[in-house]
Each structure stands twice: as structure tokens, then as C-alpha cells.
Amino acid sequence: MDIKEVRRQFPILDQEVNGHPLVYLDSAATSQKPLRVIEAVNQYYREYNSNVHRGVHTLGTKATDHYEGAREKVRKFISAESTEEIIFTKGTTAGLNLVARSFGDAQVQEGDEIVITYMEHHSNLIPWQQLAKRKGAVLKYVPMQKNSTLRLEDVEKTVTERTKIVAAALVSNVLGTINPVKEMAKIAHSRGAYMVVDAAQGAPHMKVDVRDLDCDFLAFSGHKMCGPTGIGVLYGKKALLEEMEPLEYGGEMIDFVDLYDSTWKELPWKFEGGTPIIAGAIGLGEAIDFLEEIGLDEITAHEQDLSAYCLGQLSELEGITVYGPESADERAGLVTFNLENVHPHDAATILDAEGIAIRAGHHCAQPLLMKWLDVTATARASFYLYNTKEDIDKLVAGIVKAKEYFTNVF
């Protein structure tokens, strides 16, 4: 992978922030967009802006072709069997809530179990928490090891014959842990349960094959993988999606409407009520083309190399705590840390003054931080295909400056 050529395709990186060249290390929150994605969205609005599916005129046909073409690109990207299994959503959160409400409400009864992990993002925790409250079900957590990983024997013990749904992140957005969701799906299915995967931090960075994982549902967002904001994907096995009721009613998703009853369109459109996110889907399709031309294996290897380098550099500093697996082979491209006697927001502010963008806070994972890591906030640097070891050198230098500043001031 030619990193210089990759970086040239991201116009936002060619700027200074606070008098320093921008070092963007916040891709786990949202990735930057290559020029071709920006231009694809712009071209839709400039040249063939129209609603989809509803018109026979030329612009409508072209918009529909591009919108449905993007669905086919997504299908290939995650190796789904059919485009009927690809539902466009607002993002991972919307997809997981759709599963919890439409599928979960129909499947889970009083006394049943829902199993998740301590490392879940709020988007893959609250929907199941609220489902358990609505139904009188039991919400259970798979124990986590001191090295921030899951043991399959613990999954085996936690998932029982009463378990209806197992939900887990493919990659933790705080720890970077890569979870064994394929093996977890096998355990879930052996108990008669269904497997739901939050792939928001996985799909942008590694190959995802839903048929190999044998998950029942999988959700991810476009904006974390070089696509636009406001577009996401929910994959579901066709037989399960056909059983589910839509949550949003109105135009686009109907087959026939009578005064006192209505019927729905076939998959996937029965879950896409109203005017869909047309520009977002087109931009996501272009982002997929971009990532696949570079190669997901290349991107994975590049990020693991950056993670290993960053972990090595940070290990030489005193007064720093790094969270997550020690080995770069067991984590994705992000490093979460805290500095002794320095609040993460203060550290992030000092780094921002140096042109370095990181994330500070609870990262929408409060139970993980407060119950497991025993902190209220952390700092997180996350990497993507456009980052370099020079970026990490600047990060480390900025951390040293933050430590020195607060040591001298206080």
C-alpha cells in the first residue's frame, strides 16, 4: 500500500490546525472521506438528483440504478447471499435497534435470557437492556479476562438453553479487542439462540464474511469506512427478516393500502419506509470500491503495524496506562490510554493545540469504563489506512508535552 498516494486522496489531511499539520487520530469516531466519495455524492446532487423506485423518467431511473447498485456492492463486500438481506439504515445504532424492537420483541419472553459483553458500545447494550425490561427477561454478561479478551469457555457457561439472543461487538471501540464472534455464533446456535454482531469497528478495517461468521444479524455504519454520515447497513438472514414486522410505516415500504389494512413490499424495501438515504448509499458504494481497490487485507496489516508501533512507543513512557490486549495481533487499530494525574479531556486539549485530533471521554461505553476499567474517561487514538508512524511519533511527543505541562503547573 502506497501510503503517500492514499493520503493524497484525502483533501482534509492537507491542512494545518492550530499552526501544525493535521494529525487525525479519531477514525473510530468517524473516518475522513476520499475525494472520490465526496465527488460521487456531489455528482448525484448535481446531475441526477431524483427520488428512487417511484418514477419512470430518466433521472429517477439513474438514481435508482445507483442506489440499488450500492446495495449490490454492500452484498459483495460482506459476502451476503442476496441483496434482499441488505437493509439501508441511518447507521449501526438504527440497525441494532431495529433488530431489538422488531425481532427481539417477537422472540424474547419473560424469563428468557439475553447475553452480551461488558465491552459493548451503548448502541449494542441499551437496546437489549430495554428489551429485557420490557419483557421481563434476564440480561447477562460474558465475563472478561484481565487482558481484555473473552474466553469461549466463559461464553459456553453464560449462554444457556434459556438464552434467545447473543449480541457482541466484532471489535471493541475502547479496548480494540477482536472478539471471536464466529465461535460465539456456533455456541449461540447450539443453544437455539440467535447471534447479533455490531461490526461498526470491524467492517471498515477487516474482511467480513457474514456467511462464514454465520451470524443472524450484523450492523455497521458508512461514516466509519470512508463513506458519508447518515448511512448504515443492517444484514439479516432472509428467513428471519421475512418474519419481522417493519417499524416505520408510510411511503415506499407498502405493497397495497386499504382503508383498514395494508400489506408490505418484499425484502429489503419493507424496512426502508419513506424517501431513503439515496446520496448516502451512493457515497457508501463508492467508499466500498475505494477500500476494495486498496484491499482489506492490506488495510488490516497496515493498522496492526501502526498499533504495534504505538504500543511499543507508549510502553517507554512513565505514568501512562494503556488499556486492551497487549499484543497488536489481538486488537484492531486503536489505542486507549490515560496519563497519571491528567484528565483525558486536558490531554486531548493539549494535543489539539499541537494539531493532533484524538477522542476523550467514555466513548459511549460507560459500563465498561466505570465497572471494569474503574475510570470515568479515557483518551483514545485510533488509526486508519491514511495514518503513518510519523503521526504516532507526533502523538507520543504531544503526550510527553502534556505530561510536562501538567507536572510543571501542578
Side-chain angles (χ1 to χ4, degrees), residues 77-81 85 92 95-96 99-100 103-104 107-108 112-121 123-125 127-128 138-220 234-237 239-240 296-297 300-301 303-304 307 324-334 365 368 372:
F77 184 69
I78 61 172
S79 298
E81 190 170 342
E85 300 177 319
T92 306
L96 294 171
V99 177
F103 184 75
Q107 294 292 326
V108 176
D112 288 341
E113 299 171 350
I114 303 166
V115 173
I116 62 176
T117 80
Y118 287 102
M119 63 182 81
E120 298 310 313
H121 186 283
S123 294
N124 202 33
L125 189 158
W128 310 117
V138 179
L139 184 62
K140 299 169 67 177
Y141 290 82
V142 178
M144 193 164 64
Q145 300 304 297
K146 290 183 178 180
N147 67 350
S148 303
T149 62
L150 302 178
R151 295 191 311 175
L152 290 177
E153 49 262 51
D154 289 328
V155 179
E156 290 269 11
K157 292 176 182 177
T158 309
V159 179
T160 74
E161 302 299 329
R162 295 302 305 269
T163 303
K164 295 298 183 183
I165 292 173
V166 178
L170 177 55
V171 174
S172 166
N173 72 307
V174 175
L175 304 169
T177 307
I178 302 172
N179 286 319
V181 294
K182 179 178 179 178
E183 291 76 13
M184 293 175 73
K186 289 180 181 178
I187 295 170
H189 293 154
S190 73
R191 308 290 201 275
Y194 299 94
M195 185 71 205
V196 182
V197 178
D198 171 2
Q201 299 294 339
H205 307 284
M206 59 189 67
K207 284 185 177 178
V208 171
D209 184 329
V210 292
R211 283 186 280 182
D212 180 59
L213 295 177
D214 196 24
C215 55
D216 298 293
F217 299 96
L218 182 141
F220 60 95
L234 173 65
Y235 158 82
K237 289 181 178 177
L240 301 180
L296 269 295
D297 288 339
T300 300
E303 291 179 11
Q304 287 188 325
S307 292
E326 294 181 2
S327 171
D329 294 334
E330 295 181 300
R331 64 157 72 218
L334 64 88
L368 172 63
W372 186 261

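Since we're looking at a predicted model, the values are computed, not measured.
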*Asks:* Would you mind reporting whether Val166 and Val196 have side-chain heavy atoms less than 4.5 Å apart?
*Replies:* no
*Asks:* Keeping Ser190 on the side-chain end and Ile187 on the backbone end, is there a donor-acceptor pair under 3.5 Å?
*Replies:* yes
*Asks:* Will you find, in the side chains of Glu120 and Thr117, an N or O donor that is under 3.5 Å from an N or O acceptor?
*Replies:* yes
*Asks:* Decide yes or no for Val99 and Trp128: does some side-chain heavy atom of the first lie under 4.5 Å from some side-chain heavy atom of the second?
*Replies:* yes
*Asks:* Distance check, rounded to the nearest 0.5 Å: Phe220 atom CZ versus Leu96 atom CG?
*Replies:* 12.0 Å
*Asks:* When you measure from the side chain of Thr158 to the backbone of Asp154, do you find a donor-acceptor pair of N or O atoms at a distance under 3.5 Å?
*Replies:* yes
*Asks:* Thr160 and Glu113: side-chain donor and acceptor closer than 3.5 Å?
*Replies:* yes
*Asks:* What I'd like to find out is whether the side chain of Ile116 reaches to under 4.5 Å of the side chain of Val142, using heavy atoms alone.
*Replies:* no
*Asks:* Quick one: ring-ring contact (aromatic ring centres under 6.0 Å, His included) pairs with a partner in residues 141-182, sequence neighbours left out?
*Replies:* Tyr118-Tyr141
*Asks:* Could you note down all residue pairs passing ring-ring contact (aromatic ring centres under 6.0 Å, His included) where residues 150-203 supplies at least one of them, sequence neighbours left out?
*Replies:* Phe103-Tyr194
*Asks:* Checking the side chain of Ser307 only, and the main-chain atoms of Ala332 only, is there a donor and an acceptor separated by less than 3.5 Å?
*Replies:* yes
*Asks:* For Ala169 and Asn124, which heavy atoms make the closest approach, and how far apart are they?
*Replies:* N-ND2, 4.0 Å
*Asks:* What heavy-atom pair brings Gly236 and Phe217 nearest, and what distance separates the two atoms?
*Replies:* CA-CD2, 3.7 Å
*Asks:* Could you give the distance from CZ (Arg331) to CG (Leu334), rounded to the nearest 0.5 Å?
*Replies:* 6.5 Å
*Asks:* Checking side chain to side chain contact (heavy atoms under 4.5 Å, CB included) between Asp198 and each of Val181, Val171, Leu218, Thr92, which is the one that passes?
*Replies:* Thr92
*Asks:* Which heavy atom in Val159 sits nearest to a heavy atom in Ala188, and how many Å separate them?
*Replies:* CG1-CA, 4.4 Å
*Asks:* Kindly compute the distance separating CD1 (Ile114) from CD (Gln107), expressed to the nearest 0.5 Å.
*Replies:* 11.5 Å
*Asks:* May I have all residue pairs that pass ring-ring contact (aromatic ring centres under 6.0 Å, His included) and include part of residues 153-186, sequence neighbours excluded?
*Replies:* none
*Asks:* Between Pro325 and Asn147, is any pair of side-chain heavy atoms under 4.5 Å apart?
*Replies:* no
*Asks:* Is any side-chain heavy atom of Val210 closer than 4.5 Å to one of Glu85?
*Replies:* no
*Asks:* May I ask you to check whether over 12 heavy atoms, not counting those of Glu326, lie within 6.0 Å of atom CD?
*Replies:* no
*Asks:* Quick check for you: to the nearest 0.5 Å, what is the distance between Met119 atom CE and Asn179 atom CG?
*Replies:* 4.5 Å
*Asks:* Give the minimum heavy-atom separation between Pro127 and Ala100, together with the two atoms involved.
*Replies:* CB-CB, 3.7 Å
*Asks:* How long is the span from the CE atom in Met206 to the CG atom in Leu170, to the nearest 0.5 Å?
*Replies:* 5.5 Å
*Asks:* Can you name the residues that form a side-chain hydrogen bond (donor to acceptor under 3.5 Å, both in side chains) with Ser123, not counting sequence neighbours?
*Replies:* Thr93, His121
*Asks:* If you look only at pairs with a residue in residues 168-190, which of them pass as a salt bridge (charged side-chain N to carboxylate O under 4.0 Å, His left out), with sequence neighbours excluded?
*Replies:* Lys182-Asp212
*Asks:* Pairs in or reaching into residues 160-173: which pass salt bridge (charged side-chain N to carboxylate O under 4.0 Å, His left out), with residues at least two apart or in two chains?
*Replies:* Asp112-Arg162
*Asks:* What distance do Lys140 atom NZ and Lys157 atom NZ have between them, rounded to the nearest 0.5 Å?
*Replies:* 12.5 Å
*Asks:* List the atom of Ala203, the atom of Leu296, and the distance in Å for their closest heavy-atom pair.
*Replies:* O-CD1, 4.2 Å
*Asks:* Quick check: does any side chain N or O of Arg151 sit under 3.5 Å from a backbone N or O of Met144, one acting as donor and the other as acceptor?
*Replies:* no
*Asks:* Give a yes or no answer on whether the side chain of Asp216 reaches the backbone of Met195 with a donor-acceptor pair at less than 3.5 Å.
*Replies:* yes
*Asks:* For residues Ala219 and Leu234, report the shortest heavy-atom separation together with the two atoms involved.
*Replies:* CB-CD1, 4.2 Å
*Asks:* Without swapping roles, check the side chain of Ser172 against the backbone of Val174 for a donor-acceptor pair under 3.5 Å.
*Replies:* yes
